[in-house]
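Have a look at the structure below, then the notes.
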Amino acid sequence: MAGTVSRPATDFIRSIIAEDLKAGKNQGRVVTRFPPEPNGFLHIGHAKSICLNFGIAAENEGGICHLRFDDTNPSKEEAEYAESIMADIRWLGFDWADHLYYASDYFEKLYQYAVRLIKDGKAYVCDLNADEIRECRGTLTEPGKESPFRTRSVEENLDLFERMRAGEYEDGSRVLRAKIDMASPNMNMRDPVIYRILHVPHHRTGDKWCIYPMYDFTHCLSDSIEGITHSLCSLEFEDHRPLYDWVLDELNVDCHPQQIEFARLNLTYTVMSKRKLLELVEQGLVKGWDDPRMSTISGLRRRGYTPESIRNFCERIGVAKRDSMVDMALLEHCVREDLNKRAPRVMGVLRPLKVVIDNYPEDLVEELEAINNPEDPGMGTRKVPFSRVLYIEQEDFREDPPKKFFRLAPGREVRLRYAYFIRCVDVVKDEQTGEIVELHCTYDPETKGGSAPDGRKVKATLHWVSAPHSIRAEARLYDHLLVKADPSDEKDDADFKACLNSNSLEVLKTCRVEPSLKNAEPGSRYQFERLGYFCVDSVDSFEESLVFNRTVSLRDTWARIEKALKK
RNA sequence: UGGGGGAUAGUAUAGUGGUAAUACGACGGGUUCUGGCCCCGUUAUCCAAGGUUCGAAUCCUUGUCCCCCAGCCA
């Protein structure tokens, strides 16, 4: 991430910044910030913001991006969340250097700013309770009513506020409010609460405080204190910008950052709000924040996504103000593209079908050379054992092959990758169930390595493993979390759980993989040829019992043909 | 019947007065020891209607639709 990359402005935010730079604003500085609240895990939507903020900083000479925890609500926040957030940002490949901040570090300063506002007659202590404040706020079409406490003297306000801090009052009994305009058409300007009493210990300040500043008061001032130049946030804060500016203007601070809003990311077939993700976790509908089906960074990581692919995705989706829903297929394309270049190839059989090569010597074992990655010859080759008894994929054989099915069938010849041509001569079935349990084939010794001297062709190449040499493994196949692309077009948004895909996880426990995978490291990624990209699970996989998560399948043209055939 | 935003192919983004671009997807084809990768082709007249102009997605007018706001959450 180090260094400066000169690239033309590619979105409206970068354009604004480029113009500011050209106009000599902010003494040529560019300082952004990523301000998560430590109350949950980061998801791919946060990645968009992270890439934007850290990306802009990296693109500009001397640019800096701060990591600031917006920890003003101790009743929801935990240090563990802050830890996971930092780990996720680092994993994504970004570095805040020594610019790690906490809004809670500014509590004393913020308190002093509040005092100043009171002294200037711009804030007052209000004794109304939450219900009363709501009643007085008015509605979208009607102005609010002024609080009876709005005209308290500066002295009384100062005294009361000090006593709030001293802990003399109960939660909810009083608040500090900005004195703006109860008739404003912008609800946020109707004397917003800027401090509330909360007798709750804070994960960083302990029990030092029992009053905590609200977001609207904290965020703008934190930005200002840190010398942020461009404060990027999502669209729903557009209405808050007048308040952001009001606080900084009234306090007449030296640094007045510019807030710019952009649309948050929505992805098809998944959910992207902390509330919904938390719900899935708490109700056990997934196995945790890092369940590979989750849109969390930790879930994607465990699933096998690479940081590069996520960054690339964030670059491709762009930044704009229009509400949008990005196709999950783009994210999948990004991992495939990355892993195609980097993942070593390997053979593994998900649903094994035993194949006996009748004319292959009983005790012979050949070590055949296989290419580790055709996209990168530098990755070399490896040896794969071949013997008389093999496993192939059940779906690679059809007793009664449909049109366009090129794979194995009775009497048909196919190639075993890096091995031989084989021809199916017999099908053994279970007498009871009729299920195909074993195939008998013959091989052509002349085709060793995969090509026939007589030039004859086969229409399919199958992956396989040697039965006695292969090792057992579990595979977890994931599918979309939701069955609907956009759950919000369902009548009830709260009912996204009705759209959950009951087949989002399929566990296969009888897989067989080639022996080279014996010491596969947790977290390492492979392409199982013809199947997809798999990642050794970092939690449940051990040398004696390998567990692979399917990151994403390969593009499957045959599946599409077959689907079309059925119509 | 308040205020703030937004509308360009199935999706996302570009284009800011001169004959609509890119990516993903879909479809068709080529290539192939992965039905993968790669390559080629097809896929929109820019929310609508008026207007200004030689010329408009871009400017003006009037509509329509969508999103956000009534937490002592962020």
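Everything quoted here is computed from the prediction, not taken from an experiment.
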inquiry  = What's A/Gln527 touching, base or sugar-phosphate or nothing? Going by heavy atoms closer than 4.0 Å.
reply    = base
ask   = Does A/Arg555 make a side-chain donor-acceptor contact with the base of B/rG35, cut-off 3.5 Å?
value = no
message = Looking at A/Tyr102, I'd like to know if the NZ or CZ of A/Arg204 sits under 6.0 Å from its six-membered ring centre while staying within 45 degrees of the ring's axis.
response = yes
ask   = Looking at the side chain of A/Lys404, which of B/rG35, B/rA74, B/rG36 is the nearest nucleotide?
value = B/rG35
query = Under 3.5 Å, is there a donor-acceptor pair between the A/Gln259 and A/Glu261 side chains?
reply = yes
ask   = Side chain of A/Asp327: nearest nucleotide among B/rA23, B/rG35, B/rG10?
value = B/rG10
ask   = For A/Thr10 and B/rA14, is the shortest distance between a side-chain N/O and OP1 or OP2 below 4.0 Å?
value = no
task = Could you pull out the closest heavy-atom pair between A/Val384 and A/Met347, with the gap in Å?
result = CG1-CE, 4.2 Å
ask   = Counting only Watson-Crick or G-U wobble pairs whose two distances fall under 3.5 Å, which nucleotide matches B/rU1?
value = none
remark   = Result for 5'-nearest mapping on RNA chain B, choosing between A/Gly318 and A/Ala460, is A/Gly318
Sidechain N-carboxylate O distance under 4.0 Å for A/Arg530, A/Glu393 = no
task = Indicate syn or anti for B/rG71, taking the glycosidic torsion and treating anything within 90° of 0 as syn.
result = syn
note = Among B/rU34, B/rG25, B/rG71, the one nearest any side-chain atom of A/Arg134 is B/rG71
inquiry  = If you define the side chain from C-beta out and look only at heavy atoms, does anything of A/Lys321 sit under 4.5 Å from A/Glu238?
reply    = yes
remark   = Ranking A/Arg407 and A/Pro35 by the position along RNA chain B of their nearest nucleotide, the one closer to 5' is A/Arg407
ask   = Among the nucleotides B/rG35, B/rC24, B/rG36, which one has an atom lying closest to any side-chain atom of A/Asn340?
value = B/rG36
inquiry  = For B/rA23, give the paired nucleotide (Watson-Crick: N1-N3 plus N6-O4 or O6-N4; G-U: N1-O2 and O6-N3; both under 3.5 Å), or none.
reply    = B/rU11
message = Looking at A/Arg398 and A/Glu562, is there a salt bridge between them, counting it only when a charged N and a carboxylate O are closer than 4.0 Å?
response = yes
ask   = Crowded around A/Lys404 NZ? As in, over 12 foreign heavy atoms under 6.0 Å?
value = no
task = Tell which nucleotide pairs with B/rG55, taking only Watson-Crick or G-U wobble pairs whose two distances are both under 3.5 angstrom.
result = none
ask   = So does A/Arg560 get a side-chain nitrogen or oxygen closer than 4.0 Å to the phosphate oxygens (OP1/OP2) of B/rA26?
value = yes
ask   = What string of B, S and - do you get for nucleotides 2-8 of chain B, 5' to 3', when a contact is any protein heavy atom under 4.0 Å?
value = BBSSS-B
request  = Check every atom of B/rG36, B/rA74, B/rA70 against the side chain of A/Thr72 and return the nucleotide holding the closest atom.
outcome  = B/rA74
key: Closest listed nucleotide, where the reference is the side chain of A/Asn73 and the choices are B/rA70, B/rC73, B/rG35   = B/rC73
ask   = How would you label the contact of A/Tyr418 with the nucleic acid (heavy atoms, under 4.0 Å): base, sugar-phosphate, or nothing?
value = base
request  = Could you let me know what B/rU61 is paired to, Watson-Crick or G-U wobble, both distances under 3.5 Å, or none if it's on its own?
outcome  = B/rA49
inquiry  = When you measure from the side-chain N and O atoms of A/Arg137 to the phosphate of B/rG71, is any distance below 4.0 Å, counting only OP1 and OP2?
reply    = yes
remark   = Taken to the nearest whole Å, NE2/A/His240 to P/B/rC73 is 13 Å
task = From the options B/rG36, B/rC72, B/rA74, select the nucleotide whose nearest atom is closest to the side chain of A/Phe237.
result = B/rA74
ask   = So which nucleotide from B/rC72, B/rU34, B/rC37 ends up closest to the side chain of A/Leu554?
value = B/rU34
ask   = Does the distance from a Lys or Arg side-chain N to an Asp or Glu carboxylate O, for A/Arg68 and A/Glu226, drop under 4.0 Å?
value = yes
query = Which nucleotide in the set B/rG35, B/rC73, B/rC37 lies at the smallest distance from any side-chain heavy atom of A/Arg196?
reply = B/rC73
query = Which of the following nucleotides, B/rC24, B/rU34, B/rC72, is nearest to the side chain of A/Asn129?
reply = B/rC72
query = What is the minimum heavy-atom distance between A/Val465 and A/Val513, and which atoms define it?
reply = CG1-C, 3.9 Å
message = Under 4.0 Å, heavy atoms only, any strand: does A/Ser324 hit a base, just the sugar-phosphate, or nothing?
response = sugar-phosphate
